[in-house]
A.B. asks: 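Before we start, here is the structure in question, set down as structure tokens.
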There are 2 protein chains.
Amino acid sequence: MATGLTIGQAAAFAGVTIKTVRHYHRLGLVQEPERDGSGYRRYRSTDLLRLVQARTLAGAGVPLAEIGDLLDADPERFAAALDDVHRRLTERIEDLVARRDTLHRLTRGDRALLPDRACAVLDRLADLDFSPDYVATQREALVLAQALVPEVFDPFLTQLEHWLDDPEWIELTKRGWAAMSWDPDDPRIDGLASALAAKLLANRALLAMPNGVQYRSDTASRYGLVNHHREEQSPSIARLNALVEAKLRAAGIDVPRQ
Amino acid sequence: MATGLTIGQAAAFAGVTIKTVRHYHRLGLVQEPERDGSGYRRYRSTDLLRLVQARTLAGAGVPLAEIGDLLDADPERFAAALDDVHRRLTERIEDLVARRDTLHRLTRGDRALLPDRACAVLDRLADLDFSPDYVATQREALVLAQALVPEVFDPFLTQLEHWLDDPEWIELTKRGWAAMSWDPDDPRIDGLASALAAKLLANRALLAMPNGVQYRSDTASRYGLVNHHREEQSPSIARLNALVEAKLRAAGIDVPRQ
DNA sequence: GGTTGACCTTGACCTTGGGTCAACGTGCAC
DNA sequence: GTGCACGTTGACCCAAGGTCAAGGTCAACC
């Protein structure tokens, strides 16, 4: 008797598994066909059509719960819904393309976390013979800055780029890094702090908060968190920083505390 | 104290939810950072890096279970895996594009189920003033044929295309369809069967199984299922078909039974 | 007319990548 | 000291099926 296809044949025709077909039946997404004498579902071509329609929508990412309504809707609502699905699909495709394109950045971690401009600064630091340790610390600071105080991230980079053109700053900074291994009471620290503060004061325009930046109530503490990052690993560096900040405050600069 | 970011800050930085971060910890995909005095997780930049790497891979569709191993792998295995991910992502994108492109076929069901060539044949049937009912039945037959006997689907279409150029066949077929409403014992049925059989025998080359088609053991019954599709709704059509088949067999043609 | 093997039936639980809710502890600002 | 946002764990929920179990059917071969 020509009673129609079995579930396996129907599933193969629609390009889904048997389990999926039964799942659709259970969700009421595709009506169950009639059974034959032995209880087998028998699929006619209208069932196949419905199945293919459902699978196509599901494959396009439409939630199964919506598909039933959609297929039963009047043509204009259906057409509108199709447009919507098409749009969402296009978005998803573009998203995937973007993800694919960013994948290769993963091979170098820093480039995954920081914008190109910051990476360039770090590369220049390495070229200028700063120790890898120092570069790594700066990288950490930049990552933290981006996460914690994004509103000053760009001005911060501008500062760094400026200092990199100043050989004297480079020299001072390298000495400051070397101070990490000094005794916290080393008398050279005070001289170094004075020199650094003088250098900063000579370029005080750079220190001002850029125009347009909202000073959030917690910005200061976040900024401090960035500035004092890794200080706990070296008391001498902590003392150096404290001295420099005190000298800046004495000169009337508003340095955030803590 | 500069102990690092809280989970909410880390999650925001990586572009995921807090829950996702903890999920990754539980799966061992991202190591848990140290806790501060109050039990809060505190994220350093290496943790952020790992988190961003994990999220990027996960977003690209890599199963979470694989990501941990991947990120711990040596660079060349990691690069190979990245290539693989890139390839899968490209496949997925192409698949989505294809699905998007087939979406619009859903507005007309027949076009979603049948290839263009079959749709063209159905359109010609409608143009030739076959009743919508007849066209619908033919559509069902084509869908069934495609599902059940795909190996003869193209030759079957070729036959149909041939007959459509024969005005006499068109006339006979329309009379045959009209027979549906006749009494099964109507004497005109026999004459119609003779005319149809003669027409088929005059083009017997078309009836042969095409070269290269494997005659599966069940092809005959499937073929019969297609041919006798909808017969149960009209005893006169059933009788007409039976008569035609008998005449063909008498002429030495191998017509599958049942 | 058995037996084999492919296919069908239902039902219950498993999976992935998280979301949601509850019940409770912390940190900070006013 | 009182909100209020944020943190902690744990337990359950979700889509969209997959897997496994325990049988019933069907067709074919011997």
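By convention in this document, chain letters (A, B, ...) are assigned in the order of the sequence lines, proteins followed by strands, and residues within each chain are numbered from 1.
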A.B. asks: With a sphere of 6.0 Å drawn around CD of A/Glu34, does it hold more than 12 non-hydrogen atoms of other residues, nucleotides or ligands?
C.D. replies: no
A.B. asks: Base, sugar-phosphate, or nothing for B/Leu27, non-hydrogen atoms under 4.0 angstrom?
C.D. replies: nothing
A.B. asks: To the nearest angstrom, how far is A/Arg22 atom CZ from D/dG18 atom P?
C.D. replies: 11 Å
A.B. asks: Could you verify whether a donor N or O on one side chain and an acceptor N or O on the other, from B/Thr158 and B/Arg117, lie under 3.5 Å apart?
C.D. replies: yes
A.B. asks: For atom CD of B/Gln31, is the number of surrounding heavy atoms from other residues, nucleotides or ligands below 6.0 Å larger than 12?
C.D. replies: no
A.B. asks: Quickly work out the B/Leu57 CG to C/dG17 C1' distance and round it to whole Å.
C.D. replies: 15 Å
A.B. asks: Tell me: NE2 of B/His23 to C1' of C/dG19, nearest whole Å?
C.D. replies: 11 Å
A.B. asks: Find the distance B/His25:NE2 to C/dG17:P and express it as a whole number of Å.
C.D. replies: 17 Å
A.B. asks: Which of these nucleotides, C/dC8, C/dG17, C/dG18, is closest to any side-chain atom of B/Pro63?
C.D. replies: C/dG17
A.B. asks: So does A/Glu66 have more than 12 non-hydrogen atoms from other groups sitting under 6.0 Å from CD?
C.D. replies: yes
A.B. asks: By nearest heavy atom, map B/Ala65 and B/Tyr40 onto DNA chain C; which one lands nearer the 5' end?
C.D. replies: B/Ala65
A.B. asks: In whole angstrom, give the distance that lies between atom CD of B/Gln9 and atom P of D/dA5.
C.D. replies: 16 Å
A.B. asks: So, OP1 or OP2 of C/dG19: does either fall under 4.0 Å of a side-chain N or O from B/Thr17?
C.D. replies: yes
A.B. asks: For C/dG18, take OP1 and OP2 only and decide whether either is under 4.0 Å from a side-chain N or O of B/Arg55.
C.D. replies: no
A.B. asks: Verify the contact: side-chain N or O of A/Ser38 to OP1 or OP2 of D/dC26, cut-off strictly under 4.0 Å; return yes or no.
C.D. replies: yes
A.B. asks: Using heavy-atom distances to pick each residue's nearest nucleotide on DNA chain C, tell me which of B/Thr20 and A/Ile7 is more 5'.
C.D. replies: A/Ile7
A.B. asks: Rounding to an integer number of Å, can you tell me how far A/Leu64 CG sits from D/dG17 P?
C.D. replies: 6 Å
A.B. asks: Nearest-Å distance, CG (B/Asp36) to P (C/dT26)?
C.D. replies: 11 Å
A.B. asks: Cut-off 3.5 Å, side chains only: do B/Thr90 and A/Arg100 have a donor facing an acceptor?
C.D. replies: yes
A.B. asks: Rounded off to whole Å, could you give me the CZ-to-P distance for the B/Arg26 and C/dG17 pair?
C.D. replies: 12 Å
A.B. asks: Please pick, from C/dA12, D/dC26, C/dG19, the nucleotide with the shortest atom-to-atom distance to any side-chain atom of A/Lys19.
C.D. replies: C/dA12
A.B. asks: Side-chain N or O of A/Thr6 versus OP1/OP2 of C/dC7: is the shortest distance under 4.0 Å?
C.D. replies: no
A.B. asks: OP1, OP2 of C/dG18 versus side-chain N and O of B/Tyr24: anything below 4.0 Å?
C.D. replies: yes
